[in-house]
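Before any comments, here is the structure.
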Amino acid sequence: MYGRKASRLVKELTNVEKGQLTLFNSDLFDQVIAECSQHYVELQSLIRKMQEKGLDVQTSKNEDHYGALIHHLALVRNKRCLMAYLYNRAETLRNLIWKVGLVLPQEVQEKLSHSEEEYFKRHSASLKSYMSRLDLDLVVDMVPPKDPYIQVRVVDNIGEGIVLSDDKTANFAPYSMHFLKRTDAEPFISRGLMEELTG
Amino acid sequence: MAGQSDPHLSLFSAEEVEFMAEDEMVEIVPNMRMDPLNLLCGDYGPFFPQMVTQVPVWLAIALKKRGKCTIRPPEWMSVESLTRILESERESQDSFQVLPFHYVEISRLLIDHARDDIPDIYMVRSLVEDIRDVRFHKIETSLESFEDARSSAVRIKNLSAMEVNIVRPFVGRALQAFYKHGSPDLVPNPDKVPNRWQPAADPVQKRPLRKR
Amino acid sequence: MASGDGEGEGSVSGDIDDLESLISTTDVERLKRAWRQEKAAPEIFQFEAALIQRIKEQIQLMEETVEDFAESGIDPLTVSLYQMDLDRTQFLLRSYLRIRLQKIEKYMFHILNTDELFNRLSREEKSFAERCSNDLKMHLDENILSKLPDNYQSLLKQSIISEETDMVPKPQLDTFVVCKTKYYLGHIQLEDINNGNTDDRVNQRPLEEPFEMEPNVLYFVRYKPIKKLVEGGKIDLY
């Protein structure tokens, strides 16, 4: 059945959630490419048959014409599917940069064909080049900024004389509340020694 | 309900809507003297104790957190005002009451960060939530009546930023589907069209401005 | 520091021949508006070169000021207010540039093939668009096009008998957008008279459908008919 393999290829794009990739299916991909050549061979031989019968290829509509048409349409459909497959994966990769940055996580790298890895490297470089021309990193600052200071309460005994980033010293007595830079508080919060107060 | 199928380029995230809301002005009462703040987004101050001043919400909250002021909740955020608005929302099936474009975000920000400056805060919060619910319900039911509206444009009187953001993909899709498939009956039946989704102006008669 | 300046170069924020010129608008306001428009529209707008240049300068000045403040012993809590303002502006700047890059990535072939759109890009964006599309072309070529039979190797056309470039992703101008105008706008043509549709449906639509927009009321409208008004700064998108 013509076009079935190409359909399967495109369908793989939908097998995962938007923004994710399946393993590049090089077997199936190559098979669809090979089918294109086969269709072309068939197409050409049908055209030749028409010419041998002395028919005007442009206007005659005999069974050879329709046969050739079917091969042409199947070829074109295969082409569209191949392009869609590659194009969509490339688009997913480009969009990923805006989520995770210019270095791909391991689990994504594993899914790419060698060619896709190269494409990603080249595209990354294009982006880097743009950003360096503007002297602006555009892969950071993806969400609107908040107050760098937060209110916290000390949960556990941290101690006295802790030096903070603005060179002030603080005494973190248990249950005391403080207004600190988030970056100063974070190490304590992540160790459960402090908690952020909202509202 | 926020549509995910829209091209992500054109949807504002909730954080971004809040970000825009943070630029709305609100009144503060400074409790100390402070030098003017000459910021990129505007010049504010100098600040004098007990002299009411207007600043953007983000700055008001930051100043409050730093112990420099109290915040005056806007007039519409009082129990009386919100109760009135809720009643009107409930009574009118077809129209939305006038509320600030960012009423959802502003009330949430002030409730979260200026708790002690808001009288009857639990009542206020509960009223805002009720108002949101009533309005959402109205939006939902009106989406169903799109087959009566003409396809080319729809006017939305008094919808707020967050409601627009949530409704956007649905209205867009409904109108688009209608636009594509069309309908032989293109002249809106004035009896069936709910007031709030007033279709594009009939060129023949001047439509009077809707009463609020 | 918060001074606004007119643009006068036909860009979205350059429309100063009305009341707006009397009300001083900060550049941050203008940037916010440009950001919002860019987010809400399917097509890419004219790059706001002068505005972005001014914003970058203002950011740089402010960064130096904040450093000076911090060093001169001004209360860090106050310094942090300036930092917050700076952060907000930087977010807008980055986000504005980012959205444009994303649009370029999404519609690269279409933009490169449409002069009107290509000319809206900044110099750096133009380079990026060209590099970007070459990268992708090469990728598609190596893996597919070069392996296909003659007559089927075109990037933009399905085959050489295609009448138009039928493989290029284009922005959907028929998308509905949310918009508002500051001043009354009348006689907006909503339906295309000649949109090439030979539907019966189109013949049934009245030829002239002037649509009017009241000021400060939100409307959902198809982007295409109001495109020029949006580009001219008369309609704001939300």
Side-chain angles (χ1 to χ4, degrees), chain B residues 6-12 16 19-20 22-23 34-35 37-44 56 58-59 62-63 65-68 101 150-159 161 164-165 167-168 171-176 179-184 186-187 197 199-201 203 206-207 209-210, chain C residues 1-2 26-29 32 36 38-42 55 58-59 62 65 75 77-78 80-82 84-86 88-89 91-92 95 99 102-103 106 171-172 174-178 186-188 190-191 199-202 204-206 208-214 217-222 225 238:
Chain B
D6 243 279
H8 73 282
L9 291 175
S10 60
L11 261 186
F12 295 91
E16 285 163 348
F19 179 74
M20 289 191 280
E22 286 173 337
D23 281 334
M34 267 191 307
D35 284 336
L37 292 168
N38 300 115
L39 306 174
L40 291 174
C41 69
D43 298 315
Y44 304 104
W58 70 266
L59 184 54
L63 286 170
K65 279 189 175 164
R66 287 152 174 76
K68 315 242 189 214
F101 192 54
R150 223 155 67 181
S151 65
S152 319
V154 160
R155 107 202 242 271
I156 326 158
K157 195 129 185 167
N158 297 332
L159 221 55
V164 164
N165 204 33
V167 159
R168 190 200 317 264
V171 176
R173 274 212 291 275
L175 287 178
Q176 227 151 322
Y179 183 75
K180 280 197 174 104
H181 303 309
S183 150
L186 288 172
V187 178
W197 299 116
K206 214 56 183 132
R207 186 165 34 81
L209 283 179
R210 278 177 354 99
Chain C
M1 217 157 251
T26 61
D27 278 341
V28 172
E29 263 303 310
K32 190 164 75 159
R36 218 180 47 217
E38 210 59 85
K39 264 212 166 247
I55 291 272
Q58 287 172 42
I59 286 179
M62 186 56 95
T65 304
D75 173 26
L77 287 188
T78 303
S80 69
L81 295 174
Y82 282 88
M84 283 173 76
D85 172 61
L86 200 49
R88 291 175 71 87
T89 308
F91 169 76
L92 279 176
S95 197
I99 299 164
Q102 288 165 351
K103 279 186 187 173
K106 200 170 166 77
Q172 269 281 50
D174 278 338
T175 312
F176 280 80
V177 293
V178 180
H187 298 292
I188 300 174
L190 273 189
E191 306 297 346
D199 268 350
D200 276 349
R201 179 168 57 92
V202 174
Q204 283 182 17
R205 289 204 170 109
E208 292 280 322
E209 280 194 1
F211 161 58
E212 52 178 32
M213 281 178 72
E214 289 164 45
V217 175
L218 284 176
Y219 292 86
F220 269 98
V221 189
R222 269 174 66 230
Y238 284 82

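Note on naming: letters A, B, ... go to the chains in the order of the sequence lines (proteins, then strands), and numbering restarts at 1 for each one.
- Judged by distance alone, with hydrogens and angles left aside, the side-chain atoms of Lys103(C) form a donor-acceptor pair with the main-chain N or O of Glu38(C) at under 3.5 Å.
- Comparing Val178(C), Val177(C), Leu81(C) by how many heavy-atom pairs each has under 4.5 Å with chain B, the most go to Leu81(C).
- Counting heavy-atom pairs under 4.5 Å between each of Asp23(B), Leu59(B), Leu63(B), Val164(B) and chain C puts Asp23(B) at the top.
- Interface check for chain C: of the options Met20(B), Arg66(B), Met34(B), the most heavy-atom pairs under 4.5 Å are formed by Arg66(B).
- With a threshold of 4.5 angstrom between heavy atoms, Phe101(B) approaches chain C through side-chain atoms but not through N, CA, C or O.
- For Glu22(B), the salt bridge (charged side-chain N to carboxylate O under 4.0 Å, His left out) partners two or more places apart in sequence, or in a different chain, are Lys146(A), Arg88(C).
- Applying the salt bridge (charged side-chain N to carboxylate O under 4.0 Å, His left out) criterion to Arg36(C), with sequence neighbours excluded, gives no partner residue.
- Looking at Lys65(B), neither its backbone nor its side chain comes within 4.5 Å of chain C, counting heavy atoms on both sides.
- Between Thr26(C) and Leu40(B), the closest heavy-atom pair is CB-O, 4.2 Å.
- Heavy-atom distances place the side chain of Leu92(C), and not its backbone, under 4.5 Å from chain B.
- Contact between Phe12(B) and Tyr238(C) at its shortest, heavy atoms only, is CE1-C, 3.7 Å.
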